[in-house]
Amino acid sequence: MLSPIFYAGEEENLLAFLSDQKATQIILLADANTNGFCIPLFRSLFPSLSNCSRIIIPQGEVNKNIDVCNFIWQELNVLQADTKTIVLNIGGGMLSDIGGFACSVYKRGIEFINIPTTLLAMVDAAYGGKTGIDFQGYKNHIGTFHAAKAIYCQPQYFDTLNERILWSGIAEMTKHALLSNEKDWQNLIHFQRNDFLSIEQIKKSLAIKMKFVEGDEHDQSKRQCLNLGHSLGHAIESYSLQTASPLLHGEAIILGLYYELKLSEQYFDLPANISALTKSLKEKFFAQLQFNFNYSDIAPFLLQDKKNHEGIRMSLLKHIGHCEHGIIVQENHIQALFS
Ligand code: GLY
C-alpha cells in the first residue's frame with residue numbers, strides 16, 4: 001500500500017491523520033544531529049507533539065547496525081511501547097532505514113511515520129517501505145519491507161544541513177531523471193543548485209520513484225530499476241565506510257551511476273554523452289568529492305552474493321527512460337572500468 005505523503009503547509013492534516021490512528025503513545029526517534037538541529041523546528045511546527053518521549057541514537061551510516069537497534073528496542077521497552085505506539089523517525093536515510101527496521105520487528109511490527117530531514121531521504125529513502133541495517137560491512141544486509149504509515153516532507157529542514165549532506169541528495173534525483181524521460185533528463189542537466197530543492201522538483205522526483213514501487217513493493221521486478229548505480233555505488237560506499245574517509249550514500253551513488261552508465265554503453269550501446277553529462281553533474285555538484293580506490297577494494301562487496309557466480313546482476317540503462325534489470329555483467333568488464 002502506498003504511504004500518504006504530507007507536504008509543508010499540511011501540518012494540520014498530518015495531525016488529524018495521526019489522531020485517526022488512535023495511538024496509545026507517540027515516540028520521536030532522532031539521531032544526535034537531528035536531535036540538536038531538527039527537533040526545534042519539529043516542535044515549532046507541531047507544538048502539540050513537543051512533549052513526546054524521545055529516543056536518541058548516534059548519527060551516521062556507521063551506526064546503522066544491530067547494536068543501535070538493540071538500544072532502540074531497549075528504549076521502547078523502557079517507554080512501555082505497545083503495538084499501538086507510533087514512532088516518528090526524524091532524520092535522514094540512515095534514521096528512516098534503522099528506525100523503520102527496529103519498528104518493523106518490535107512486537108512483530110509497530111507503525112512509524114517518516115519525517116525526512118535531508119533531500120536524499122525526501123526523494124528516496126523515506127518512501128517505499130525498505131528498512132534495514134548494515135551487517136558485516138554489507139549495506140542493508142538485514143531488513144524488512146514495512147511501509148511508513150505516512151511521510152511528512154518539509155524543505156525547511158534543509159536549512160539545518162551542511163552543504164555536503166544537502167547536495168548528496170542530487171544523486172538519487174539524477175537517477176530518477178535517467179529512469180524517467182528525455183524531458184525530465186534535459187531539465188535536470190540544466191538545473192542550478194536551488195532548482196533541486198523546490199517542492200515541485202521533490203514531488204516530481206518522488207513521483208518517478210513511486211511509479212517503480214507501485215505494484216512491485218517487494219522488489220521482484222521493475223522496482224529493481226531503482227537500483228541503477230547502486231550495485232557499484234553500494235560496493236564503493238561499503239568500502240569507504242571501512243576507511244578514514246567514509247562517503248555519504250549520495251556521493252557513492254553518483255560514482256556508481258557514472259560507472260554503471262559506462263557499462264550500459266558496452267551492454268546496450270547507450271550514447272556516451274549520458275555518462276559524460278553525469279560526470280559533469282558530479283563535477284558541478286560534488287566538486288570536493290575525491291575518493292581513491294581500486295577494483296580489488298570494492299570487489300569483496302560486489303561479489304558477496306554467492307549467487308553472483310555467473311556474473312553480477314545489475315540494472316542498466318538502454319536509453320533515457322528505459323532501464324533493464326537483472327542484466328548479468330561479467331566481472332572482467334567491471335574490472336576494466338577501474339584499470
Ligand atoms: N532506493 C531504491 C528502492 O527503494 O527500491
Side-chain angles (χ1 to χ4, degrees), residues 1-5 61 64 89 91-101 103-104 112-114 116-134 138-151 153 165 168-180 184 196 202-238 247-257 259-261 301-302 305 312-317 321 323-327:
M1 198 192 69
L2 299 181
S3 311
I5 305 175
E61 185 72 22
K64 205 174 90 179
N89 294 325
M94 175 273 184
L95 204 282
S96 54
D97 282 0
I98 192 170
F101 175 64
C103 290
S104 74
F112 57 89
I113 290 178
N114 285 338
T117 57
T118 64
L119 181 59
L120 189 143
M122 249 178 243
V123 297
D124 187 19
Y127 180 83
K130 281 188 180 175
T131 79
I133 54 171
D134 303 339
Y138 301 119
K139 289 270 307 167
N140 304 325
H141 210 56
I142 309 283
T144 56
F145 289 100
H146 188 118
K149 197 74 188 162
I151 293 150
C153 289
I165 293 179
S168 74
I170 288 176
E172 298 289 357
M173 293 177 91
T174 302
K175 178 193 79 181
H176 289 163
L178 287 165
L179 294 174
S180 181
D184 288 345
F196 287 97
I202 291 168
K203 282 185 183 173
K204 195 170 221 174
S205 197
L206 201 42
I208 298 166
K209 173 164 182 173
M210 282 180 197
K211 277 197 205 151
F212 287 91
V213 175
E214 213 175 331
D216 186 25
E217 283 86 348
H218 286 183
D219 209 13
Q220 296 299 304
S221 54
K222 65 173 179 172
R223 183 172 182 168
Q224 290 174 16
C225 293
L226 294 171
N227 213 30
L228 179 67
H230 283 61
S231 300
L232 285 165
H234 273 166
I236 296 167
E237 184 182 2
S238 295
L247 294 175
L248 296 173
H249 178 66
E251 294 171 334
I253 295 310
I254 199 75
L255 295 172
L257 268 180
Y259 290 117
E260 291 187 20
L261 292 172
F301 300 102
L302 208 52
D305 184 349
I312 292 149
R313 285 185 191 275
M314 289 191 183
S315 297
L316 296 180
L317 203 65
C323 177
E324 294 272 334
H325 55 84
I327 303 301

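Because the structure is predicted, anything quoted here is derived from the model rather than measured. Residues take their numbers from the sequence shown, with the count starting at 1. Remember, it's 1-based here, ligands and their atoms both numbered in the order they're listed.
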inquiry  = Could you walk me through whether L228 and L257 satisfy the side-chain contact (heavy atoms from CB on, under 4.5 Å) test, starting with their C-alpha distance in whole Å, then the side-chain angles of each, then the deciding distance to 0.1 Å, before giving a yes or no?
reply    = CA-CA 7 Å; L228 179 67; L257 268 180; 3.8 Å; yes
message = Is there a side chain to side chain donor-acceptor pair (under 3.5 Å) between H230 and E172? Walk through the geometry before answering.
response = CA-CA 10 Å; H230 283 61; E172 298 289 357; 2.9 Å; yes
request  = Select the closest option to atom 5 (O) of ligand 1 among R223, Q224, K175, judged by heavy-atom distance.
outcome  = R223
ask   = Can you say whether the rings of Y138 and F301 are parallel (under 30°), tilted (30 to 60°) or perpendicular (over 60°)?
value = perpendicular
request  = Check the pair H146 / T131 against side chain to side chain donor-acceptor pair (under 3.5 Å), numbers first and verdict last.
outcome  = CA-CA 7 Å; H146 188 118; T131 79; over 6 Å; no
ask   = More than 12 non-hydrogen atoms from neighbouring residues, nucleotides or ligands closer than 6.0 Å to NZ on K222, yes or no?
value = yes
inquiry  = So, 4.0 Å and heavy atoms of K209: is ligand 1 close enough to count as a contact?
reply    = yes
message = Return the closest protein heavy atom for atom 2 (C) of ligand 1 as residue, atom name and distance.
response = L226 CB, 3.9 Å
message = Distance under 4.0 Å to a non-hydrogen atom of D124: what atoms of ligand 1 satisfy this?
response = 1 (N)
Per-atom contacts, ligand 1 versus K130 - under 4.0 Å to a heavy atom = 3 (C), 4 (O), 5 (O)
